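Taking it in order: structure first as structure tokens, then the write-up.
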Amino acid sequence: YSSKGGFYWAGAYVTDAYLLVGTDDGDTGCTSSSSALLCLDPKTGAELDWIGGLCGDIRCSVAKYGDRFFFTSKGGYFYSISMTTAADGSARIDHDSLKTVALSNGTDTAQSPAMSTCTPVVYNHRAYIGVSGTGQFKAYTGHNLTVIDLDRWRIAYKLRTQGYAQTSGLLTTVYEENNGYVYVYFFDNYTPGT
């Protein structure tokens with residue numbers, strides 16, 4: 001399968017019936033509304049469905065929680081969709097299910113969008129992602145870890161970071177029984193990394 005913007009850092013969610021993967025937007029900037037989430041046949045690569053008009057490159061893997069799928073974009077958005085399966089077993093994206101949350105880095109301008117290349121870590125109705133500040137490789141320019149409340153479909157809170165956490169977090173529940181908290185670990189892309 002070929003796409004105008006191609007694929008860069010994009011990881012897929014795969015079942016026997018379908019594969020979901022995001023594309024780059026095919027533009028030199030990162031806020032063009034020309035990227036897409038593709039639904040492909042995992043055996044042949046044939047396109048089963050797609051949803052386009054998404055803002056910015058999709059450079060994360062697609063994560064699943066419950067009956068919804070989650071991903072981020074360099075255009076500054078957190079997205080979610082659900083799938084439908086027909087009686088014949090064919091899968092389609094439920095286009096009416098598309099939900100978005102605009103991410104924030106303090107300026108939220110087209111010149112300095114709140115980029116995210118972070119695969120969402122989803123647990124207990126919350127999603128955890130890294131968001132870029134205004135200076136991608138400058139310290140404390142709005143970089144943050146964002147926690148999204150999936151029930152209320154909004155940002156619950158943000159934690160300021162020195163650098164941009166571009167990678168996915170790692171969540172552990174090992175302490176949850178003792179203190180009620182889960183811990184999510186991220187690396188930031190700044191020297192020295194933390």
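Only a predicted model underlies this, so the values are computations on that prediction, with no experimental measurement involved.
- Remark: side-chain polar atoms of Ser35 are paired, donor with acceptor, to backbone N or O of Leu54 under 3.5 angstrom.
- Residues Gly22 and Ala10 approach most closely at O-CB, 3.4 Å, considering heavy atoms.
- Phe186 is listed as a side-chain neighbour of Tyr128, based on a closest heavy-atom distance under 4.5 Å.
- Looking only at distances, a side-chain donor or acceptor of His143 sits under 3.5 Å from a matching main-chain atom of Gly133.
- Using a 3.5 Å distance cut-off with no hydrogens or angles, the side chains of Thr117 and Tyr164 do pair a donor with an acceptor.
- Heavy atoms of other residues, nucleotides or ligands lying less than 6.0 angstrom from NZ of Lys99 number more than 12.
- The side-chain heavy atoms of Asn105 and Thr107, taken from C-beta on, include a pair separated by under 4.5 Å.
- Expressed to the nearest 0.5 Å, how far NZ of Lys74 lies from OG1 of Thr72 amounts to 11.0 Å.
- Aromatic rings from Tyr175 and Tyr183 are positioned such that their centres are separated by under 6.0 Å.
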Pairs under 3.5 angstrom only: tabulate donor-acceptor contacts from the side chains of residues 56-66 to other protein residues two or more places apart or in another chain.
unit_1, atom_1, unit_2, atom_2, d
Asp57, OD1, Asp25, N, 2.8
Asp57, OD2, Arg59, NH2, 3.4
Arg59, NE, Asp24, OD1, 3.1
Arg59, NE, Asp24, OD2, 3.4
Arg59, NH2, Asp24, OD2, 2.7
Lys64, NZ, Gly66, O, 3.3
Tyr65, OH, Asn124, N, 3.4
Tyr65, OH, His125, N, 3.1

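- Here ring-ring contact (aromatic ring centres under 6.0 Å, His included) pairs that include residues 1-45, with residues two or more places apart or in two chains, are Tyr13-Phe69.
- Within the 4.5 Å cutoff, the side chain of Tyr79 has heavy atoms near those of the Ser73 side chain.
- Residues Cys39 and Met83 meet the side-chain proximity criterion, which asks for heavy atoms closer than 4.5 Å.
- In the displayed structure, Asp16 atom CG is contacted under 6.0 Å by at most 12 heavy atoms of other residues, nucleotides or ligands.
- Contact of the Leu38 side chain with the Thr23 side chain is registered, since non-hydrogen atoms from C-beta on lie closer than 4.5 Å.
- No hydrogens or angles considered: nothing links the side chains of Thr161 and Asn144 as a donor-acceptor pair under 3.5 Å.
- Separation of atoms CD1 (Ile93) and CG (Leu20) is listed at 6.0 Å; rounding is to 0.5 Å.
- In the hydrophobic clustering of ILVMFWY residues, with side-chain heavy atoms under 4.5 Å counting as a link, Tyr157 and Val131 come out apart.
- A donor-acceptor pair shorter than 3.5 Å can be found between the side chains of His95 and Asp49.
- Put simply, the side chain of Val182 does not reach to within 4.5 Å of the side chain of Thr172, judged on heavy atoms.
- In this structure, CG in Leu19 is found 9.5 Å from CG in Leu48, a value given to the nearest 0.5 Å.
- From Arg126, atom CZ reaches atom CG of Asp149 across 5.5 Å, with rounding to the nearest 0.5 Å.
- In terms of heavy-atom proximity, Ile129 sits nearest to Phe78 at CD1-CD1, 4.2 Å.
- Checking Thr134 against Ser112 by side-chain atom types alone, no donor-acceptor pair falls below 3.5 Å.
- Note on Leu103: it clusters hydrophobically with Val122, by side-chain heavy-atom contacts below 4.5 Å among ILVMFWY residues.
- Linking Ile, Leu, Val, Met, Phe, Trp and Tyr residues whenever their side-chain heavy atoms come within less than 4.5 Å leaves Tyr181 and Leu171 in two separate clusters.
- Atoms CZ and CD1, from Arg68 and Ile81 in turn, are 7.5 Å apart once rounded to the nearest 0.5 Å.
- For the residue pair Gly169 and Val121, the shortest heavy atom distance occurs at O-CG2, 3.2 Å.
- Following chains of ILVMFWY side-chain contacts shorter than 4.5 Å, one can reach Val21 starting from Val14, so the two form part of one hydrophobic cluster.
- Taken to the nearest 0.5 Å, the CD1 atom of Ile148 stands 9.0 Å off from the CZ atom of Phe70.
- Looking at Thr84 and Arg92, their side chains never bring a donor and an acceptor atom within 3.5 Å of each other.
- At distances below 3.5 Å, at least one donor-acceptor pair connects side-chain atoms of Ser116 with backbone N or O atoms of Gly130.
- Checking side-chain atoms of Asp94 against main-chain N and O of Ser82 turns up no donor-acceptor pair under 3.5 Å.
- Taking 4.5 Å as the limit, some side-chain heavy atom of Ser104 sits within range of a side-chain heavy atom of Lys158.
- Cluster note: Tyr190 groups with no other residue, as no ILVMFWY side-chain heavy atom lies under 4.5 Å from it.
- Linking Ile, Leu, Val, Met, Phe, Trp and Tyr residues whenever their side-chain heavy atoms come within less than 4.5 Å places Phe71 and Tyr77 in a single cluster.
- Val101 places a side-chain heavy atom less than 4.5 Å from the side chain of Ile155.
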